[in-house]
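Data block below; observations after.
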Amino acid sequence: MTTIHVIDCIGNHEPINSTSIAEKMKLSKASITKISGKLLQEGCIKRSRMNDNKKEVYFSLTPKGRQLFVVHAEMHQSLEQSFIQGLNTFSEAELQASLKFIQTVIDHNDNMINIDGSS
């Protein structure tokens with residue numbers, strides 16, 4: 001699953017280097033190195049260097065990687081549409097009650113974190 005999200009990150013920010021991918025995805029550079037090696041081997045991404053910095057390696061998608069990127073984006077869009085359709089089955093009162101419940105859980109969680117953090 002992380003691999004497809006690396007493809008998504010590269011597709012949204014190409015050309016992009018390993019450090020930037022790691023920062024955006026909150027993963028280690030070692031993880032990105034391993035995943036990018038696999039993606040290079042599978043022909044999903046390609047390496048390049050910028051004219052002004054021959055040392056830094058940047059990644060971009062190949063046509064195969066672009067196909068995966070598009071399919072992944074379409075899947076997310078479909079899931080989002082499905083979620084929204086599900087929300088549309090609730091009345092305004094039900095949504096408000098759900099929101100109040102979720103906010104109560106978040107507030108409780110925040111309080112627990114604050115209590116644990118102050119010990």
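For Q77 and Q81, the side-chain atoms include no donor-acceptor pair closer than 3.5 Å.
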**OP:** Show your reasoning for whether side chain to side chain contact (heavy atoms under 4.5 Å, CB included) applies to L99 and Q96.
**Re:** CA-CA 5 Å; L99 180 61; Q96 290 299 324; 4.3 Å; yes

Subject >> Steps toward side chain to side chain contact (heavy atoms under 4.5 Å, CB included) verdict (E80, H76) >> reply: CA-CA 6 Å; E80 189 175 311; H76 270 277; over 6 Å; no

**OP:** Mind running side chain to side chain contact (heavy atoms under 4.5 Å, CB included) on S36 and V6 for me, showing each step along the way?
**Re:** CA-CA 8 Å; S36 63; V6 169; 5.7 Å; no

**OP:** Please lay out, stage by stage, how N17 and F59 fare under the test side chain to side chain contact (heavy atoms under 4.5 Å, CB included).
**Re:** CA-CA 6 Å; N17 63 22; F59 298 107; 5.9 Å; no

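From I10, atom CD1 reaches atom CD1 of I21 across 4.0 Å, with rounding to the nearest 0.5 Å. Between Q41 atom CD and L39 atom CG the span is 10.0 Å, to the nearest 0.5 Å. The distance from atom CD of E56 to atom OG of S48, rounded to the nearest 0.5 Å, is 10.5 Å. Between the NZ atom of K24 and the CG atom of N12 there is a distance of 9.5 Å, given to the nearest 0.5 Å. Separation of atoms NZ (K34) and OG1 (T2) is listed at 11.0 Å; rounding is to 0.5 Å. With rounding to the nearest 0.5 angstrom, the NE2 atom of H72 is 9.0 Å from the CD1 atom of I7.
Note on I113 and I106: separate hydrophobic clusters, where clusters join Ile, Leu, Val, Met, Phe, Trp and Tyr whose side-chain heavy atoms are under 4.5 Å apart, directly or indirectly. Residues L79 and M1 do not share a hydrophobic cluster, defined by chaining ILVMFWY side chains whose heavy atoms lie under 4.5 Å apart. Linking Ile, Leu, Val, Met, Phe, Trp and Tyr residues whenever their side-chain heavy atoms come within less than 4.5 Å places L95 and F83 in a single cluster. Residues Y58 and M25 fall into different hydrophobic clusters, defined by Ile, Leu, Val, Met, Phe, Trp and Tyr side chains chained together at heavy-atom separations under 4.5 Å.
Shown here for L68 and C44, the closest heavy-atom pair between the two residues is CD1-SG, 3.7 Å. L61 and K46 make their closest contact through O-CE, 4.0 Å (heavy atoms, listed as atom of the first residue, atom of the second, distance). Of all heavy-atom pairs between L27 and I32, the closest is CD1-CD1, 3.9 Å.
Looking only at side-chain heavy atoms (C-beta outward), V71 and M75 stay at 4.5 Å or farther from each other.
The environment of CZ in R47 is sparse: at most 12 heavy-atom neighbours from other residues, nucleotides or ligands sit within 6.0 Å.
A donor-acceptor pair under 3.5 Å is absent between the side-chain atoms of S78 and the main chain of E74, judged by distance alone.
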